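Bear in mind the structure is a predicted one, so any value in this text is a computation, not a measurement. The basis for the numbers below is simple: all heavy atoms, side chains too, and nothing from hydrogens, waters or symmetry mates. Start at 1 and go down the list; that is how both ligands and their atoms are numbered.
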Amino acid sequence: MAVERVLSGMRPTGSLHLGHYHGVLKNWVRLQHEHECLFFVADWHALTTHYDTPEIIEESVWDMVVDWLAAGVDPANATIFIQSRVPEHAELHTLLSMITPLGWLERVPTYKDQMEKLAQKDLSTYGFLGYPLLQSADILIYKATQVPVGEDQIPHIEFTREIARRFNHIYGRDAGFQEKAEAAIKKLGTKRGALYEELRNRYQTSGDEEALESARAMIEEQQGLSIGDKERLLGYLEGGGKIILLEPEYKLTPASKMPGLDGQKMSKSYNNTISLREDVDSVAKKIKTMPTDPARIRRSDPGDPAKCPVWQLHEVYSDEKTQEWVTSGCKSAGIGCIECKTPVIESVLAELKPIQERAARYAEDPTLVKNVVAEGCERARKLARECMREVREAMGLSYS
Ligand code: TRP
Ligand code: SF4
């Protein structure tokens, strides 16, 4: 298998909170050490639903990038960029729109869901309907192999795969594809050529996935083949044409276990968040005033951690020993709630300390962030341009 390329995007929602950190950002920080990674701010996506409040976008974008960097996303390990600064996304979106059946867009489950959820807004727009296709362009333009997303986004990745398949099917056959593929087989040599034919045959007649995998591996290993021939041979294996756009896989981001201050999921709309740049006093105050098991009216009333949102924080932050101390102390009324909250406050502050130190450095020097993004856009654009060259050529737009 070729090397993985990971790509993910986030809508600019302004400053991020611990829910984002435990859900998405820690995952990105880990991935950047394992694979090539691209992370971008999906500013056009924000406009699909918030077209009438452009003033909040710009500020949100910078706040969010500072938070990514503060959380440990490292520009030396990941390419960080802004979608609208790579206008090739829009070009690919337009070109893909030519082959996208309306019905496919209308059937994307988030389309109807979001329309209903945001009923107060007029979302009967062209941009909103085409939103999943814009997302497809975001992904396909980098030939990303892995897309880390939450569960709600899985249909969009599946949609992206279908679009890639359709595109390859329509445009992947250059004139004389079969002859060129056969000539490429000859270049493999007699023995390997025969093996290729045999594996291809096994895959095409009985859908033998193992045969497909071995044939792919064999082609990847070939040294003397041109990239064009390699792609032709890979495409020919599956019967179709050349693979121009790569079908990505989704990588489900495990749901964050981070509860909000009221025990519900942490979310801005529930007003139960601790933001990554929340100051020390405010963090302490928010946790100190968190609700606890309502049965503990007096200090001497025993309680049950299962009924207390503070316990959920202990589950995220405390070691086994502390957790035992909480359970027995709560059930026997041996400890008070303020006492119980102390280790949680300490853990949250300890987690936020390095994040806030990094954030301060970036907030103090805005040019630092701007440079990171400018470099990221440059790098992303190079990749995007390469893909567009191939796409234009396949669609008869290269005019060479
Ligand atoms: N649609 C995603 C969301 O709302 C954001 C997004 C846009 C995205 N383009 C993407 C995510 C490409 C992954 C890959 O969360
Ligand atoms: Fe919650 Fe801890 Fe109070 Fe028990 S002692 S109710 S777990 S805060």
Among Q135, H89, M10, closest by heavy atom to atom 8 (C) of ligand 1 is Q135
My understanding is that we take every heavy atom of each candidate and find the minimum distance to atom 1 (N) of ligand 1. Doing that for Y142, Y250, Y131, which one comes out nearest?
Y131
Give me the residue, atom name and distance of the protein heavy atom closest to atom 7 (C) of ligand 1.
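The closest one turns out to be H45 NE2, 3.4 Å.
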Looking only at protein heavy atoms, which one is nearest to atom 5 (C) of ligand 1, and how far off is it?
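For atom 5 (C) of ligand 1, the nearest protein heavy atom is G9 O, 3.7 Å.
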Is any NZ, NE, NH1 or NH2 atom of the basic residue among K143 and E390 found under 4.0 Å from an Asp or Glu carboxylate oxygen of the other?
yes
With a 4.0 Å cut-off on N to O distance, would you call E198 and R202 a salt bridge?
yes
If you compare all heavy atoms of Y196 against all heavy atoms of L237, which two are closest, and at what distance to 0.1 Å?
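Between these two residues, the closest heavy atoms are OH-N, 3.5 Å.
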Which of the ligand 1 atoms, numbered from 1, are nearer than 4.0 Å to a heavy atom of [X]:
X    : value
D138 : 7 (C), 9 (N), 10 (C)
R11  : 4 (O)
V147 : 13 (C), 14 (C)
Q153 : 1 (N), 2 (C), 3 (C), 4 (O), 15 (O)
F40  : 9 (N), 10 (C), 12 (C)
I139 : 12 (C), 14 (C)

Strictly under 6.0 Å, is that where the ring centroids of H156 and Y250 end up?
no
Would the Y317 and H22 ring centres measure less than 6.0 Å apart?
yes
State yes or no: do L134 and L246 share one hydrophobic cluster built from I, L, V, M, F, W and Y residues joined by side-chain heavy-atom distances below 4.5 Å, directly or via other members?
no
Can you list everything that forms a side chain to side chain contact (heavy atoms under 4.5 Å, CB included) with K331? Sequence neighbours excluded, please.
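Here the qualifying residues are D304, P305, T327.
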Can you name the residues that form a side chain to side chain contact (heavy atoms under 4.5 Å, CB included) with E386, not counting sequence neighbours?
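Expected list: R389.
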Distance to the ring centre below 6.0 angstrom and angle to the axis at most 45 degrees; does that hold for R379 and F81?
no
Residues passing the side chain to side chain donor-acceptor pair (under 3.5 Å) test with R358, sequence neighbours excluded, are none
Between L16 and M10, is there a side-chain heavy-atom distance shorter than 4.5 Å?
yes
Listed protein N/O/S atoms, distance to atom 1 (Fe) of ligand 2 under 2.8 Å
C308 SG
